[in-house]
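Remarks on the structure that follows.
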Amino acid sequence: MLSDLLHYVFPECCRACGNALFKGEEVLCTFCLYHIPKTNYHKYAGNPVERKFWGKVPIQHASAYLLFNKGQRVQHLIHQLKYKGATEIGTILGNLFGNELKHSKFFQGIDAVIPVPLHISRLRKRGYNQSEFPATEIAKCLNCVMDKNLIFRSVKTDTQTKKHRYERWQNVEAIFRLNESKRFDYHHVLLVDDVVTTGSTLASCASVLINEAKVKVSIAALAVA
């Protein structure tokens with residue numbers, strides 16, 4: 001009774017639309033879970049996310065769970081995950097996406113899931129890497145490890161948000177490095193990020209894994225702009 005009273009006085013709200021959650025709902029209301037724009041790109045080769053990397057880096061497959069449109073619910077979710085400490089959003093979306101990926105023929109045989117790393121200074125300021133939360137859930141669904149130490153970000157870059165396409169590529173060129181002290185036995189890794197826009201950051205990260213770690217790389221992002 002106390003729990004029900006507290007819920008009535010201080011209702012938990014849906015992170016997407018702001019409406020009060022009903023009993024049994026967590027993070028997202030049923031309406032938003034049903035209506036958030038899913039891409040289903042994990043079902044198709046040559047999808048728009050994969051095409052972002054053609055001619056840039058030889059990835060195996062790529063997908064994104066949701067469509068990111070300015071001013072819409074997905075942008076609101078990603079903003080809260082990235083800047084407001086709402087890491088539960090990364091957890092629930094990662095779980096939903098992971099359960100889709102495990103049934104996709106394009107994402108079989110993954111040995112490890114690797115979140116795109118933040119520079120140590122930005123990690124200290126923010127307190128967390130938003131990509132680790134979906135990466136953890138996706139790894140559970142794919143029954144493999146989540147490895148956040150295989151690569152690291154050696155150069156602090158400016159935010160990509162207001163940069164044009166070419167500036168984005170220049171901003172992230174050669175900013176990742178392989179952790180040479182890390183022992184691993186991976187053949188195919190899944191690189192995970194929150195949003196893919198031009199794909200410049202993910203391509204830079206994937207290039208290190210392919211050329212230095214000598215592993216095959218696929219890519220998964222929570223959303224694609």
Side-chain angles (χ1 to χ4, degrees), residues 12-17 19 21-50 52-53 59-69 72-82 86-116 128-148 150 186-196 199 202 205-206 215-225:
E12 293 184 19
C13 295
C14 173
R15 288 289 190 171
C17 68
N19 291 330
L21 294 175
F22 290 108
K23 197 168 185 178
E25 294 179 334
E26 294 183 7
V27 185
L28 299 174
C29 67
T30 303
F31 181 87
C32 286
L33 278 174
Y34 184 79
H35 288 283
I36 50 176
K38 303 177 183 69
T39 68
N40 288 314
Y41 289 162
H42 59 283
K43 298 179 181 179
Y44 308 105
N47 65 63
V49 177
E50 285 190 6
K52 289 178 180 288
F53 301 96
I59 62 167
Q60 302 299 305
H61 303 288
S63 182
Y65 185 46
L66 303 171
L67 290 171
F68 182 106
N69 293 305
Q72 301 299 312
R73 296 179 186 185
V74 174
Q75 183 188 30
H76 187 51
L77 286 171
I78 297 298
H79 182 82
Q80 291 178 88
L81 166 63
K82 198 166 185 175
T87 56
E88 65 273 16
I89 292 172
T91 297
I92 191 169
L93 292 181
N95 180 264
L96 292 168
F97 194 20
N99 276 295
E100 296 283 349
L101 293 177
K102 75 178 181 182
H103 297 298
S104 169
K105 65 180 180 180
F106 301 114
F107 292 88
Q108 302 301 309
I110 301 291
D111 301 307
V113 176
I114 298 175
V116 172
Y128 62 96
N129 178 355
Q130 70 276 2
S131 296
E132 289 183 15
F133 297 90
T136 298
E137 294 303 310
I138 291 172
K140 290 177 183 177
C141 293
L142 298 182
N143 195 28
C144 63
V145 300
M146 193 280 277
D147 191 338
K148 63 180 182 179
L150 182 58
Y186 307 142
H187 301 285
H188 186 183
V189 303
L190 181 65
L191 193 57
V192 171
D193 206 358
D194 53 352
V195 179
V196 54
L202 282 160
C205 197
V215 297
K216 294 187 292 184
V217 175
S218 289
I219 287 171
L222 290 183
V224 56

Would you mind writing out the side-chain donor-acceptor pairs for residues 88-100 within the sub-3.5 Å range, not counting sequence neighbours?
from : atom 1 : to   : atom 2 : distance (Å)
E88  : OE2    : R15  : NE     : 3.1
E88  : OE2    : R15  : NH2    : 2.9
T91  : OG1    : T87  : O      : 3.4
N95  : OD1    : N99  : ND2    : 3.3
N99  : OD1    : K102 : NZ     : 3.1
N99  : ND2    : N95  : O      : 2.9
E100 : OE1    : H42  : NE2    : 3.3

Counting only heavy atoms not in K38 (residues, nucleotides, ligands), do more than 12 fall under 6.0 Å from its NZ? yes

For E26, is the CD atom crowded, meaning more than 12 foreign heavy atoms sit under 6.0 Å from it? no

Is the closest side-chain heavy-atom distance between [X] and [Y] below 4.5 Å?
| X | Y | result |
| --- | --- | --- |
| C29 | L21 | yes |
| K43 | N40 | yes |
| E132 | Q130 | no |
| Y65 | Y41 | no |
| F31 | I36 | no |
| V195 | L222 | no |
| S218 | F106 | no |

Donor-acceptor pair, distance only, cut-off 3.5 Å: does the side chain of [X] make one with the backbone of [Y]?
| X | Y | result |
| --- | --- | --- |
| Q80 | H76 | yes |
| D147 | L150 | yes |
| D193 | V116 | no |
| T39 | A64 | yes |
| Y186 | I110 | no |
| E25 | T30 | yes |
| E137 | P134 | no |
| N47 | A62 | yes |

Please report the C-alpha distance between D194 and K82 in whole Å, then the side-chain angles of each, then the deciding distance to 0.1 Å, and finally whether the side-chain contact (heavy atoms from CB on, under 4.5 Å) criterion is met. CA-CA 8 Å; D194 53 352; K82 198 166 185 175; 3.3 Å; yes

Which class fits the ring pair F107 and H61: parallel under 30°, tilted 30 to 60°, perpendicular over 60°? tilted

For a side-chain contact (heavy atoms from CB on, under 4.5 Å) check, start with the C-alpha distance between I138 and V192, then their side-chain angles and the critical distance, and finish with the verdict. CA-CA 9 Å; I138 291 172; V192 171; 4.1 Å; yes

Show your working on side-chain contact (heavy atoms from CB on, under 4.5 Å) between V196 and F53 and close with a plain yes or no. CA-CA 11 Å; V196 54; F53 301 96; 4.2 Å; yes

How long is the span from the [atom1] atom in [X] to the [atom2] atom in [Y], to the nearest 0.5 Å?
| X | Y | atom1 | atom2 | value |
| --- | --- | --- | --- | --- |
| L101 | S63 | CG | OG | 6.0 Å |
| L33 | C14 | CG | SG | 7.5 Å |
| R73 | L28 | CZ | CG | 10.0 Å |

Between Y128 and A86, which heavy-atom pair has the shortest distance, and what is it? OH-N, 4.5 Å

What's the shortest heavy-atom distance between L191 and A206, and which atoms? CD2-N, 3.8 Å

I would like to know whether L190 and I114 meet side-chain contact (heavy atoms from CB on, under 4.5 Å); could you show each step before the answer? CA-CA 6 Å; L190 181 65; I114 298 175; over 6 Å; no

